[in-house]
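The structure under discussion appears below in the form of structure tokens.
When a ligand or atom number is given, it counts from 1 through the structure's own listing order.
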Amino acid sequence: MRWRCWNSKTPARERVSSDLNETTKEIHVTSASRSLAEAAERIIPGGVNSATRSIGAPWAFASAHGATLTDLDGNRYTDYHAAFGAILLGHGDERVNSAITAAIQDLDLVGLGTTELEVRTAELVIDAIPSADMVISTMSGSEAVLQAIRLARGATNRPYVVKFQGCFHGSYDAIARNVISSPDLAWRRDPNSSGILDDALDHTLIAEFNDLASVEELFAAHPDEIAAVILEPVPHNVGALLPELAFLQGLRDLTTKHGSVLIFDEVITGFRHARGGYQEICGVIPDLTTFGKSMGNGYPVAGLAGAAEIMRNFTPTGGKVMLAGTFNGNSVSMAAAIATLTVLNDPEVDFYGHVYRLGDRMRDGLRRITNGHGIPAVITGIGSVFIAYFLDGEVRGYRDLLRNDDEAYATFHRRMIDKGSLMYPMSLKRNHISLAHTDADIDRTLEQADEVLGAMARAGEFSLLRESA
Ligand SMILES: Cc1ncc(COP(=O)(O)O)c(C=O)c1O
């Protein structure tokens with residue numbers, strides 16, 4: 001069985017030719033897209049600036065507007081990838097773009113003191129996120145996580161961090177392990193990259209999501225040594241594992257009892273599921289919160305917020321934890337964040353009402369379709385995020401996701417791209433709905449899904465159906 005994703009060691013040429021064999025039925029990705037990709041491959045490793053962008057056809061894009069992407073050959077796709085969730089309002093949102101244009105008339109980057117844009121951004125974040133007394137701006141989620149973990153270690157003077165199998169927190173060494181692990185490596189040592197020092201990996205301990213006992217065991221094995229527990233409150237990097245309230249509350253109680261810092265990594269969930277992130281929904285308030293992605297609707301901005309007592313450990317307040325970043329708080333990022341958060345706050349726009357309603361429409365439709373074709377599936381997600389796992393039984397943690405039919409999942413998404421709905425063609429990857437999506441988009445995608453899933457069921461492409469035949 002091909003495991004979940006293209007291994008980064010698979011040569012680009014092999015990936016492309018294999019993908020070519022799989023592509024296109026309705027959509028025809030041809031010369032223009034392919035030749036730009038070839039030019040890129042000659043000078044950029046694998047032709048992409050982030051490994052997960054290597055998806056085969058369509059290889060290159062010309063424009064992005066609203067919910068629609070257009071590739072270099074003129075094919076149009078309804079975008080459910082949304083730049084891995086960085087797009088919340090739709091591509092090229094005029095409110096965001098004009099706010100940026102206005103801001104840069106006066107200020108680009110000063111790199112000294114502060115600006116009104118930085119203070120306004122911090123005010124909006126503090127107003128939205130329950131755990132935020134103080135906030136810093138960074139350029140990426142990885143930097144926000146780096147700052148959070150270093151701050152937790154600096155504040156507690158302890159070495160270990162606990163993370164969960166399946167959660168992803170960016171590229172920082174201390175946390176770059178055990179995301180989509182194969183069954184033999186899950187909960188064991190599974191670095192995301194070579195080149196990370198053993199010490200960095202060994203000081204990150206792995207627990208199972210929704211399983212408080214697995215965290216209690218780690219606290220028992222490392223008394224007074226755990227600086228922080230970090231989690232995606234909804235692990236969206238493996239689709240959507242929905243958290244049990246008792247689990248989140250249990251983490252809050254355990255970390256408080258042991259003097260550790262509880263970090264919610266809300267880089268995906270923040271601003272997307274509620275203004276205040278998932279913590280607003282569940283009522284469990286962490287010590288630190290990282291956020292990013294969608295807060296700038298596609299422009300680079302992220303940050304870290306938290307209790308003043310911990311945040312005061314940064315050097316500008318006389319603490320010992322370094323705070324640095326040339327581009328932090330630049331005008332483009334700040335203007336993008338202010339404009340995006342202002343739209344989210346606007347009751348007339350009703351962002352949350354819109355994406356939750358369309359998300360339910362999509363999930364209900366997919367449930368009807370999979371039931372109708374007799375396909376064993378768990379259709380899940382929250383608000384704007386939807387996914388279809390192809391497995392029997394319930395999904396609580398990573399353990400359950402090992403039963404997912406990865407081949408069928410990736411095939412479903414790949415064939416949806418061929419029909420014009422861009423869903424990331426790798427197992428466990430989630431789909432996003434933005435403010436720019438419409439009922440008509442959802443209904444068209446559901447019609448396509450009905451055709452694709454019906455054909456797959458008839459062709460016996462679901463392993464569970466083959467087993468029961
Ligand atoms: C939950 C989470 N945290 C952190 C990151 C890292 O963010 P960035 O890619 O902006 O560095 C990601 C990226 O996907 C993420 O999903």
Show me which atoms of ligand 1 lie under 4.0 Å from any heavy atom of E232. 1 (C)
Relative to ligand 1, is N237 under 4.0 angstrom through side chain, backbone, both or neither, heavy atoms considered? side chain
Answer yes if the side chains of D350 and Y356 hold a donor-acceptor pair under 3.5 Å, and no otherwise. no
Quick one: which ligand 1 atoms are inside 4.0 Å of a heavy atom on S142? 6 (C), 7 (O), 8 (P), 11 (O)
Are F219 and H222 an aromatic pair, judged by ring center distance below 6.0 Å? no
Main-chain N/O of S131 paired with Q279 side-chain donor or acceptor, under 3.5 Å: yes
Just which atoms of ligand 1 are under 4.0 Å from any heavy atom in K293? 13 (C), 14 (O), 16 (O)
Determine whether the aromatic ring centres of residues Y398 and F164 are separated by less than 6.0 angstrom. no
State, without any angle test, whether E217 and S214 hold a side-chain donor-acceptor pair at a distance under 3.5 Å. no
Which of the ligand 1 atoms, numbered from 1, are nearer than 4.0 Å to a heavy atom of G141: 6 (C), 7 (O), 8 (P), 10 (O), 11 (O)
Would the distance check show the side chain of R396 and the main-chain N or O of F209 forming a donor-acceptor pair, the cut-off being under 3.5 Å? no
Would you mind telling me if ligand 1 is within reach of the side chain of F84, the backbone, both or neither, using heavy atoms under 4.0 Å? neither
Can you name the atoms of ligand 1, numbered from 1 with element, that are less than 4.0 Å from a heavy atom of I268? 16 (O)
Any atoms of ligand 1 less than 4.0 Å from a non-hydrogen atom of H169? List them with their elements. 3 (N), 4 (C), 5 (C)
We want to know whether Q165 and S181 form a side-chain donor-acceptor pair, criterion being a heavy-atom distance below 3.5 angstrom. yes
Considering heavy atoms of the protein only, find what lies nearest to atom 3 (N) of ligand 1 and give residue, atom and distance to 0.1 Å. D265 OD2, 2.6 Å
Which of the atoms of ligand 1 are close to S140, meaning less than 4.0 Å from one of its heavy atoms? 10 (O), 11 (O)
Under 4.0 Å, heavy atoms only, figure out whether ligand 1 is touched by the backbone of H236, its side chain, both or neither. neither
Would T68 and H65 count as having a side-chain donor-acceptor pair, cut-off 3.5 Å? no
